[in-house]
Every structure is written in structure tokens, then in C-alpha cells.
Amino acid sequence: SQKIEQNSEALNIQEGKTATLTCNYTNYSPAYLQWYRQDPGRGPVFLLLIRENEKEKRKERLKVTFDTTLKQSLFHITASQPADSATYLCALDMNRYNFNKFYFGSGTKLNVKP
Amino acid sequence: EAGVTQFPSHSVIEKGQTVTLRCDPISGHDNLYWYRRVMGKEIKFLLHFVKESKQDESGMPNNRFLAERTGGTYSTLKVQPAELEDSGVYFCASSYAPGYEQYFGPGTRLTVT
């Protein structure tokens, strides 16, 4: 089955720096990949979706890359702020022909210090 | 616009009891999903509805779990009888169509003692 790896250790960075989170996957190649943000006691909140034929996607201070050769996605937050502190999850479709089921990674906790 | 709502937010029951979780999706979203996060693990897919029809229930753990979506609006997930390993956070999500972003509810934290 599909395996998704996100760094289980928290990422601690200083306000204003760029945070980079990694999502690696094995086995089959997904048609697209999503990133979510989750705060304690809340459900995941959708941030960005990137398709396999897209190398990069941007939204305000967020940027996602998708390298299907390396089987890796990188999630960047530029000019990070303490309010960006949260757990960030990546999710892959489980079936290239069925965009309804997703594998989720365990998430990486980001701490932005003022 | 109201988001996805779930009820209750917390539920503590004893092993062997029955619990019913409810999810109200965003109005107009035909697609409704149930997920579960067991302590220390990743979020896992349970099942998917399109309107009132179950499209995929391959993630349901066993036949103690029953999901319904009568009328294609809200959905319920019943666990009967509950076991200790059923403890976790149950999330509901809805989307306009497959491939569109999914909006998650706040989750129901279920504790089976």
C-alpha cells in the first residue's frame, strides 16, 4: 500500500524565515497531492492542490512543488509568522481514477517563534 | 456560509455500548466522506457518499460500523458495539465534486473505556 513520510519531528524556525516541509511517498504515483493545515482540536483545512503535470503552485506566501521523479513534494511558507504555527499534512489520492480517497501523512508540526 | 458541522464534539462510552456520530455537510455538497484518526496514527479514509449512495466503503474497519445518509443531506456513523480500539477522532468532510477540495468538520473525539 501507499506510504507517506512526513518529518515527525517538529520544525522550529524564526519569524520571517522560510519554512520548508517535506512529503515523500512510495509505491504508486498519485495524480495529485494536497496540503492541509490542522490546528489542535480542529479539522484539517485545505491549503493547496497540485497535479502531477504541475511542477509548482503558489498561493500568497505558500508554495508547493511536486517532483514525480523523486516522489516528493515540498511545501514552503515564506516570511513565516507565529500564526503559521500548526501541523501541516500532505495527502495523496489513493487511486488515479478515483479522486475521492486519500492517503494522509502523519503531519509535521511547525513552530514559528517571534 | 456554514461549514461542515459534527455532533457531538466529544463522546465517552463504555465498551459494548452504541454511539452515533452525526455530520452535516456544506449545503450543496453531494460528496460526503468519513475519516478516522486513531491516537498517534495518520488520518484514514473510511467511506464516501455521493448523495445518499455509498460509493466506497472500503475503509470501514468491520461490520460494527454502519454509515447512512438518508435523503442525501446529513450523515450518521454508528458504532455498535463499541470496542476499545474504536477510540479516536472521527472527521467528516464534504466536497462539491470529486477532485475538488474537501472541507473538514471539527471532528468527534470518541473515547471507549
Side-chain angles (χ1 to χ4, degrees), chain A residues 1-10 21-27 30-54 57 59 62 64 86-109, chain B residues 2-10 21 23-26 29-51 53-60 67 69 88-110:
Chain A
S1 63
Q2 183 67 281
K3 184 176 180 181
I4 301 174
E5 295 178 349
Q6 292 188 259
N7 197 336
S8 58
E9 292 185 13
L21 307 175
T22 305
C23 175
N24 294 302
Y25 58 92
T26 59
N27 298 333
Y32 66 88
L33 184 150
Q34 303 181 60
W35 282 89
Y36 288 81
R37 168 184 173 141
Q38 187 172 20
D39 292 281
R42 311 286 291 270
V45 174
F46 172 83
L47 296 175
L48 279 170
L49 178 154
I50 186 166
R51 293 179 171 79
E52 61 177 341
N53 60 349
E54 298 174 316
K57 202 83 167 276
K59 179 182 176 182
L62 309 180
V64 172
T87 296
Y88 291 86
L89 310 170
C90 71
L92 315 178
D93 61 89
M94 296 171 71
N95 184 321
R96 295 177 61 85
Y97 308 103
N98 177 355
F99 299 146
N100 288 300
K101 298 167 60 171
F102 299 95
Y103 289 106
F104 277 85
S106 298
T108 298
K109 187 173 183 182
Chain B
V4 177
T5 57
Q6 292 186 245
F7 182 83
S9 56
H10 292 87
L21 314 180
C23 167
D24 286 78
I26 292 173
H29 282 190
D30 288 339
N31 293 267
L32 186 148
Y33 312 81
W34 283 98
Y35 293 87
R36 176 174 76 169
R37 186 170 198 165
V38 174
M39 181 72 74
K41 302 276 190 175
E42 66 277 10
I43 295 172
K44 285 194 172 178
F45 169 88
L46 295 180
L47 88 159
H48 166 226
F49 283 99
V50 176
K51 296 185 180 179
S53 300
K54 291 178 189 174
Q55 290 295 297
D56 186 339
E57 51 183 331
S58 60
M60 295 286 261
R69 193 183 182 195
V89 182
Y90 290 76
F91 291 105
C92 173
S94 71
S95 72
Y96 173 70
Y100 281 66
E101 61 188 86
Q102 295 189 8
Y103 294 85
F104 280 75
T108 293
R109 180 173 294 279
L110 174 64

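Order of the sequence lines fixes the chain letters, A, B, ..., with proteins taken first and strands second; residue numbering starts at 1 for each chain.
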Chemist: If the test is ring pair (Phe, Tyr, Trp, His ring centres under 6.0 Å), which one of B:Tyr35, B:Tyr90, B:Trp34 qualifies with B:Phe104?
Modeler: B:Tyr35
Chemist: For B:Ser9, is it the side chain, the backbone, both, or neither that has a heavy atom closer than 4.5 Å to a heavy atom of chain A?
Modeler: neither
Chemist: May I ask you to decide whether A:Asp39 forms a salt bridge with A:Arg37, counting only side-chain N to carboxylate O separations under 4.0 Å?
Modeler: yes
Chemist: Which atoms of A:Gln6 are under 4.5 Å from chain B, going by heavy atoms: the side chain, the backbone, both sets, or neither?
Modeler: neither
Chemist: Does the A:Asp93 side chain pair with the main chain of A:Tyr32, one donor and one acceptor, at a distance under 3.5 Å?
Modeler: yes
Chemist: Distance alone, cut at 3.5 Å: any donor-acceptor contact between the side chains of A:Thr87 and A:Tyr36?
Modeler: no
Chemist: Side chain, backbone, both or neither: which part of B:Arg37 has a heavy atom under 4.5 Å from chain A?
Modeler: side chain
